Colleague: 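Before we start, here is the structure in question, set down as structure tokens.
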Amino acid sequence: MTQTPRGSAGTERPVRVRFAPSPTGDLHIGGVRTALFTWLFARQHGGAFVLRIEDTDQKRYQEESIASITSALRWMGLDWDEGPDAGGKHGPYFQSQRLPLYQEEARALLHSGHAYECFCQPERLDAVRAQQIASRQPPGYDRHCRTLNDEQRAAKRAEGIVPVIRLKIPLDGVTIVQDELRGPVSYENRLLEDAVLLKSDGFPTYHLAVVIDDHLMEISHITRGDEWLPSAPLHIMLYEAFGWESPLIFHTPVILNQDGRGKLSKRQGAASALAFREQGYLPEALRNYLMLLGWSYDDHQEVFPTVDELLGKFDLWRVNPSPSRFSYDKVLWFNQHYINHIIELDDLTRRCMPWLRRAGLVGDAPEGSAAHAHAREAIALIKDKMKLLGEAPDLTRFFFTDVDEYDAASLIQKNTEPANVVLALQRARDIVSATGVDDEAAIEEQLRALAGELGLKAGQLFMPIRVAVTGRTASPGLFETLRVVGQQRTVERLDAAIARLGQND
RNA sequence: GCCCCCAUCGUCUAGAGGCCAAGGACACCUCCCUUUCAAGGAGGAGAUCAGGGGUUCGAAUCCCCUUGGGGGUACCA
């Protein structure tokens with residue numbers, strides 16, 4: 001009944017959304033997709049996109065992962081209006097810097113009777129759980145401390161035990177979570193656990209922190225992974241206990257491994273955004289693919305190259321709640337498609353340069369330099385074979401340095417005599433020497449004529465030349481290849497091939 | 001075990017009661033183009049809409065059950 005119309009913000013409140021990763025590792029591809037959906041939604045509604053770091057787990061915290069996460073978001077073009085490096089009115093944006101806030105609110109819950117102190121130690125909790133499992137009871141806290149009186153609590157304190165604070169869940173009734181993508185989901189309160197809100201180290205658990213921060217940061221729409229759905233009723237209770245209004249909630253579906261077994265992990269390939277960058281994926285290709293995991297526009301358009309187009313077409317309410325499998329084949333297809341058909345050549349060249357430099361194929365080669373122009377020509381010829389930017393060096397190597405080692409036998413086509421090949425290469429060398437390689441049509445005409453004269457099929461002549469000049473049996477078109485390799489190098493390589501065949505005799 | 005979510009070609013999906021003897025994309029196969037490899041073009045194969053009950057004149061679309069898959073079940077997020 002409070003279902004909001006599609007495509008509209010859905011509340012009178014200004015749109016404010018957040019992405020709230022916890023710094024325990026690299027940004028997972030599932031997180032990237034959630035961030036992408038969230039960011040698009042913010043941009044569509046002129047709202048704020050907030051980045052909040054949920055660093056409340058002292059044990060799993062990894063400092064490096066903050067830089068790694070922000071770097072992955074920037075790479076994907078997802079900029080934030082408030083958060084680390086951006087500031088904002090609702091900071092700090094690191095939960096570890098907001099401890100007093102959580103502690104104060106937890107105390108308020110204690111006073112209002114919505115929460116209680118629990119002195120149970122890990123050993124007891126473990127024992128209780130083991131006991132429950134052994135007797136086939138649902139595991140969960142047995143509410144041992146829920147009924148402690150002042151004296152008993154004082155006694156525990158005197159022992160030096162620092163309590164945690166737990167939420168006092170009603171023993172009966174039902175809590176309904178209004179998920180925007182699934183509709184109402186109901187949970188029986190008696191099956192819910194008296195969850196810990198504040199740990200004994202003074203840090204909040206996720207549940208407490210997320211509710212307080214979303215409220216204080218005036219978040220209007222929550223987007224987060226599916227795995228949070230089971231704890232949503234807890235959050236609803238917290239909103240009620242605090243007397244706050246809950247944002248609209250969207251649980252985005254999990255991304256499963258290619259074989260459908262479990263959540264996407266690096267078992268079957270890359271699972272972190274940065275791993276995709278390292279292989280040479282284009283952020284827009286990855287974005288395009290990720291968009292289509294759980295969302296679709298219609299029955300014929302799948303390629304959405306620009307953010308502008310996505311802003312016009314994406315609809316958060318149209319996200320499909322069912323989990324989907326990650327297909328490495330399809331992301332790779334998108335990447336290849338973007339490289340070959342979407343990205344402009346100059347842009348593509350710019351993006352390939354770091355790879356070529358790292359491989360030692362080009363030096364600085366700033367834009368405008370002859371070396372840069374040469375690289376551009378080379379890339380133009382191989383881009384239809386390039387699926388990943390990381391393949392650029394291997395695909396273009398022969399345009400820059402010497403040819404790879406090759407087997408002299410690959411110079412000899414089926415049904416051709418070595419002596420004829422030597423002769424053919426010598427004649428080809430002479431033609432290249434005399435005519436040069438800049439005029440593709442001219443060189444083609446002469447080489448075809450040569451083939452006719454020697455009684456060879458075109459391929460029988462072209463293949464040895466190709467192998468001699470590139471070191472490979474697969475290459476771009478022969479004449480454009482010669483042109484970009486250049487006259488001098490072509491002649492040298494033909495001579496080298498002739499010499500090798502001579503030695504073999 | 002218990003709770004929750006999900007269910008259309010191998011995969012991602014279109015589909016919001018008649019327009020669907022189910023459309024598109026990836027992957028796969030064939031042919032065309034062709035100096036090789038790609039890219040591209042044209043075709044093909046591939047889903048009794050997980051199964052079973054309902055509701056309805058009519059169901060892939062609504063309801064129930066079963067099955068399957070996934071998620072959760074921490075002083076982790």
Side-chain angles (χ1 to χ4, degrees), chain A residues 20-24 54-60 118 120-122 125-126 129 132-133 136-141 162-166 177 179 181-182 185-188 191-193 195-201 203-207 209-210 224-233 251 253-254 256 258-263 289 292-303 320-334 336-337 340-341 382-387 395 444 447-448 451 457-463 465-467 470 472-479 481:
Chain A
S22 74
T24 54
E54 310 218 321
D55 53 348
T56 57
D57 186 340
Q58 293 294 282
K59 297 187 194 84
R60 295 198 308 156
C118 169
C120 294
Q121 295 300 288
L125 296 174
D126 290 344
R129 195 167 299 116
Q132 287 163 331
I133 290 167
R136 296 187 160 193
Q137 294 294 110
Y141 180 55
V162 181
V164 301
I165 295 180
R166 285 182 185 271
V177 175
D179 180 273
L181 302 180
R182 293 159 242 266
V185 181
S186 63
Y187 294 86
E188 284 192 64
L191 298 171
L192 265 24
E193 205 177 352
V196 173
L197 301 176
L198 197 70
K199 308 178 213 176
S200 53
D201 63 2
F203 277 70
T205 58
Y206 171 82
H207 310 296
V210 76
R224 54 155 66 131
D226 216 353
E227 66 272 21
W228 292 111
L229 188 53
S231 47
H251 287 101
V254 284
L256 307 175
Q258 188 149 18
D259 66 2
R261 300 239 144 236
K263 285 200 276 190
Y289 174 69
L292 263 15
L293 236 37
W295 174 81
S296 61
Y297 179 60
D298 60 18
D299 64 347
H300 66 277
Q301 186 181 1
E302 294 210 325
V303 179
N320 182 168
S322 64
S324 46
R325 303 183 188 195
F326 192 91
S327 164
Y328 289 95
D329 278 342
K330 200 157 182 176
V331 227
L332 198 56
W333 179 84
F334 269 105
Q336 172 271 121
H337 185 75
N340 197 197
H341 300 290
I382 56 82
K383 71 183 185 117
D384 61 353
K385 291 183 189 59
M386 181 163 47
K387 290 176 152 64
L395 252 16
E444 173 166 8
L447 288 177
R448 282 191 189 277
K457 286 189 212 162
Q460 289 177 305
L461 173 62
F462 295 170
M463 187 53 87
I465 299 176
R466 165 175 294 112
V467 172
T470 68
R472 310 170 185 196
T473 52
S475 81
L478 185 58
F479 313 108
T481 299

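As the structure is a computational prediction, the values presented were derived from the model and not from experiment. To find a chain, count down the sequence lines: A is the first, B the second, and so on, and within it residues start at 1. Only this structure's heavy atoms are used, side chains among them; waters, hydrogens and symmetry mates stay out.
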Colleague: With C1' as the reference atom in both, quote the distance from B/A27 to B/A7 in angstrom, rounded to an integer.
Modeller: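 One C1' to the other, the span is 22 Å.
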Colleague: In whole angstroms, how far is the P atom of B/A77 from the CG atom of A/Leu197?
Modeller: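 The distance from CG of A/Leu197 to P of B/A77 comes to 12 Å, rounded to the nearest Å.
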Colleague: If I pick the P atom on B/U61 and the same atom on B/G51, what distance separates them, to the nearest angstrom?
Modeller: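 To the nearest whole Å, 10 Å.
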Colleague: Any side-chain N or O of A/Arg129 less than 4.0 Å from the OP1 or OP2 oxygen of B/A74?
Modeller: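 True: A/Arg129 side-chain N/O within range (under 4.0 Å) of B/A74 OP1/OP2.
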Colleague: Strictly below 4.0 Å: does A/Thr24 bring a side-chain N or O up to OP1 or OP2 of B/C76?
Modeller: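 It does not, given that no N or O in the side chain of A/Thr24 lies less than 4.0 Å from OP1 or OP2 of B/C76.
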Colleague: With a 4.0 Å cut-off on heavy atoms, is A/Thr56 in touch with a base, just the backbone sugar-phosphate, or nothing at all?
Modeller: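 The answer is sugar-phosphate, as A/Thr56 gets under 4.0 Å only of primed atoms, P, OP1 or OP2.
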Colleague: NA contact type, A/Tyr187, heavy-atom cut-off 4.0 Å: base, sugar-phosphate, or nothing?
Modeller: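 Sugar-phosphate, no base atom in range.
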Colleague: Tell me what A/Cys120 touches on the nucleic acid: a base, only sugar-phosphate, or nothing, going by heavy atoms under 4.0 Å.
Modeller: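 Base contact.
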Colleague: How about A/Pro21 and A/Glu54: do any of their side-chain heavy atoms sit closer than 4.5 Å?
Modeller: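 No, their side chains stay 4.5 Å or more apart.
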Colleague: What's A/Gly262 touching, base or sugar-phosphate or nothing? Going by heavy atoms closer than 4.0 Å.
Modeller: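 Sugar-phosphate contact only.
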Colleague: Could you check which of B/U73, B/U11, B/C3 has an atom nearest any side-chain atom of A/Ser327?
Modeller: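 Nearest listed nucleotide: B/U11.
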Colleague: Using the six-membered ring wherever Trp is involved, compare the ring planes of A/Phe326 and A/Tyr289 and label them parallel, tilted or perpendicular (cut-offs 30° and 60°).
Modeller: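 Plane angle over 60°, so perpendicular.
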Colleague: Hey, which sits more toward the 5' end of RNA chain B by its nearest nucleotide, A/Lys263 or A/Val331?
Modeller: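 Nearest nucleotide further toward 5': that of A/Val331.
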Colleague: Does B/U35 pair with anything, Watson-Crick or G-U wobble, both distances under 3.5 Å, and if so, with which nucleotide?
Modeller: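 Pairing partner: none.
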Colleague: Under 4.0 Å between any heavy atoms, over every strand shown, what does A/His341 touch: base, sugar-phosphate, or nothing? Just pick one.
Modeller: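 Touches sugar-phosphate only.
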Colleague: Report the C-alpha separation of A/Ser322 and A/Asn320 in whole Å, then their side-chain angles, then the decisive distance to 0.1 Å, and conclude whether the side chain to side chain donor-acceptor pair (under 3.5 Å) test is met.
Modeller: CA-CA 6 Å; A/Ser322 64; A/Asn320 182 168; 3.0 Å; yes
Colleague: Could you state the atom-to-atom distance from NZ of A/Lys387 to P of B/A38 in whole Å?
Modeller: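 One finds 9 Å between P of B/A38 and NZ of A/Lys387, rounded.
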Colleague: Expressed as a whole number of Å, how far does the P atom of B/A16 sit from that of B/C62?
Modeller: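 So the two P atoms sit 11 Å from each other.
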Colleague: Want to settle it: does A/Thr473 or A/Glu54 sit nearer the 5' end of RNA chain B, counting the closest nucleotide to each?
Modeller: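 The residue closer to the strand's 5' end, by nearest nucleotide, is A/Thr473.
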Colleague: Reckon A/Lys199 has a side-chain N or O less than 4.0 Å from the OP1 or OP2 of B/A74?
Modeller: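 Negative; the distance criterion is not met.
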Colleague: Does the B/C12 base have a donor-acceptor partner in the side chain of A/Ser324 within less than 3.5 Å?
Modeller: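 Result: no qualifying N/O pair found.
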Colleague: Regarding A/Gly477, tell me which of base, sugar-phosphate or nothing describes its non-hydrogen contacts under 4.0 Å with the strands shown.
Modeller: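 The residue A/Gly477 makes base contact.
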Colleague: For the side chain of A/Glu302 and the base of B/G24, is some donor closer than 3.5 Å to an acceptor across the two?
Modeller: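 Such a pair exists between side chain and base.
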Colleague: May I ask you to decide if A/Ala20's main-chain N or O and A/Arg224's side chain share a donor-acceptor pair within less than 3.5 Å?
Modeller: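 The answer is no, because no donor-acceptor pair under 3.5 Å joins these two groups.
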Colleague: Between atom CG in A/Asp329 and atom C1' in B/A27, what is the gap in whole Å?
Modeller: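 Distance check: A/Asp329 CG to B/A27 C1' gives 6 Å.
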Colleague: Tell me, with the steps shown, if A/Lys263 and A/Asp226 meet salt bridge (Lys or Arg N to Asp or Glu O under 4.0 Å).
Modeller: CA-CA 11 Å; A/Lys263 285 200 276 190; A/Asp226 216 353; over 6 Å; no
Colleague: Touch check for A/Pro323, heavy atoms < 4.0 angstrom, all strands: base, sugar-phosphate only, or nothing?
Modeller: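 It contacts sugar-phosphate atoms only.
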Colleague: Do any N or O atoms of the protein come closer than 3.5 Å to N or O atoms of nucleotides 29-33 of chain B, and which pairs are they?
Modeller:
none

Colleague: For a quick check of understanding: with a heavy-atom distance under 4.0 Å over all strands, which category does A/Lys59 fall into, base, sugar-phosphate or nothing?
Modeller: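 The residue A/Lys59 makes sugar-phosphate contact but no base contact.
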Colleague: At 4.0 Å (heavy atoms only), tell me whether A/Trp228 reaches a base, stays on the sugar-phosphate, or touches nothing.
Modeller: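 Here A/Trp228 touches the bases of the nucleic acid.
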Colleague: Base, sugar-phosphate alone, or nothing: which one does A/Val185 contact when heavy atoms must sit under 4.0 Å apart?
Modeller: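 Since only primed, P, OP1 and OP2 atoms lie under 4.0 Å of A/Val185, the category is sugar-phosphate.
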Colleague: For B/U66 and B/G72, measure between their C1' atoms and round to the nearest Å.
Modeller: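 Straight-line distance between the two C1' atoms is 23 Å.
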Colleague: How far does the P atom of B/A77 sit from the matching atom of B/A39, given to the nearest Å?
Modeller: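 B/A77 and B/A39 have their P atoms separated by 47 Å.
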Colleague: Apply the test side chain to side chain contact (heavy atoms under 4.5 Å, CB included) to residues A/His341 and A/Val303: give CA-CA distance (whole Å), side-chain angles for both, the deciding distance (0.1 Å), then the verdict.
Modeller: CA-CA 11 Å; A/His341 300 290; A/Val303 179; over 6 Å; no
Colleague: So, is A/Ser296 near the phosphate of B/A14, with a side-chain N or O under 4.0 Å from OP1 or OP2?
Modeller: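 Yes, such a contact exists.
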Colleague: Any donor-acceptor pair, under 3.5 Å, between the side chain of A/Arg325 and the base of B/C12, if you only look at N and O atoms?
Modeller: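 Donor-acceptor pair under 3.5 Å: no.
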Colleague: Grab the CG-C1' distance between A/Leu461 and B/U34 for me, whole Å please.
Modeller: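 Spelled out: CG on A/Leu461 to C1' on B/U34 is 16 Å.
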Colleague: Grab the CZ-C1' distance between A/Arg466 and B/U35 for me, whole Å please.
Modeller: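 Distance check: A/Arg466 CZ to B/U35 C1' gives 5 Å.
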Colleague: Taking atom C1' in both B/G10 and B/C28, compute the distance separating them and give it to the nearest angstrom.
Modeller: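 Looking at atom C1' only, B/G10 and B/C28 are 10 Å apart.
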Colleague: Work out how far the C1' atom of B/C19 is from that of B/A14, and round it to whole angstrom.
Modeller: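 Looking at atom C1' only, B/C19 and B/A14 are 14 Å apart.
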Colleague: Whole angstroms only, please: what is the CE-C1' distance between A/Met463 and B/U34?
Modeller: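 Value for this atom pair: 12 Å.
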Colleague: With sugar-phosphate meaning primed atoms plus P, OP1 and OP2, does A/Pro476 contact a base, only sugar-phosphate, or nothing at under 4.0 Å between heavy atoms?
Modeller: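 Touches a base.
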Colleague: When the P atoms of B/A42 and B/C6 are considered, how many whole Å apart are they?
Modeller: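 Result for the P pair: 39 Å, nearest Å.
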Colleague: Can you tell me how far the NZ atom of A/Lys59 sits from the OG1 atom of A/Thr24, to the nearest 0.5 Å?
Modeller: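 A/Lys59 NZ to A/Thr24 OG1: 13.5 Å, rounded to 0.5 Å.
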Colleague: Taking the side chain of A/Ala458 as its heavy atoms from C-beta onward, which of B/C75, B/U35, B/A27 lies nearest to it?
Modeller: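 Nearest listed nucleotide: B/U35.
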Colleague: Would you compute the distance between atom OH of A/Tyr187 and atom OG of A/Ser231 and round it to the nearest 0.5 angstrom?
Modeller: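 Reported value, rounded in 0.5 Å steps: 8.0 Å.
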Colleague: Answer with yes or no whether A/Lys330 presents, from its side chain, a donor or acceptor under 3.5 Å of a partner atom in the base of B/A25.
Modeller: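 Between B/A25 and A/Lys330, which were checked side chain against base, a qualifying N/O pair under 3.5 Å is present.
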Colleague: Can you find a heavy atom in the side chain of A/Phe334 that is under 4.5 Å from one in the side chain of A/Leu292?
Modeller: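 Yes, side chains in contact.
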Colleague: Which nucleotide in the list B/U35, B/C76, B/C5 gets nearest to the side chain of A/Thr205?
Modeller: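 So the side chain of A/Thr205 is nearest to B/C76.
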Colleague: Could you check how far CG of A/Asp384 sits from C1' of B/A39, rounded to whole Å?
Modeller: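 That distance rounds to 5 Å.
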Colleague: With sugar-phosphate meaning primed atoms plus P, OP1 and OP2, does A/Leu293 contact a base, only sugar-phosphate, or nothing at under 4.0 Å between heavy atoms?
Modeller: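 The residue A/Leu293 makes sugar-phosphate contact but no base contact.
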Colleague: Classify A/Pro23 by what it touches in the nucleic acid, base, sugar-phosphate, or nothing, heavy-atom distance under 4.0 Å.
Modeller: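 Answer is nothing: A/Pro23 stays at 4.0 Å or more from every strand.
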Colleague: Just to confirm, is there a sub-4.0 Å distance from OP1 or OP2 of B/C6 to any side-chain nitrogen or oxygen of A/Arg182?
Modeller: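 The answer is no; no side-chain N or O of A/Arg182 sits under 4.0 Å from OP1 or OP2.
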Colleague: Kindly indicate whether the side chain of A/Glu302, heavy atoms from C-beta on, has any atom under 4.5 Å from the side chain of A/His337.
Modeller: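 Heavy-atom side-chain distance check fails, nothing below 4.5 Å.
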Colleague: If I take atom CZ in residue A/Arg472 and atom P in nucleotide B/U36, what distance separates them, rounded to the nearest angstrom?
Modeller: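 Computing the A/Arg472:CZ to B/U36:P distance gives 18 Å.
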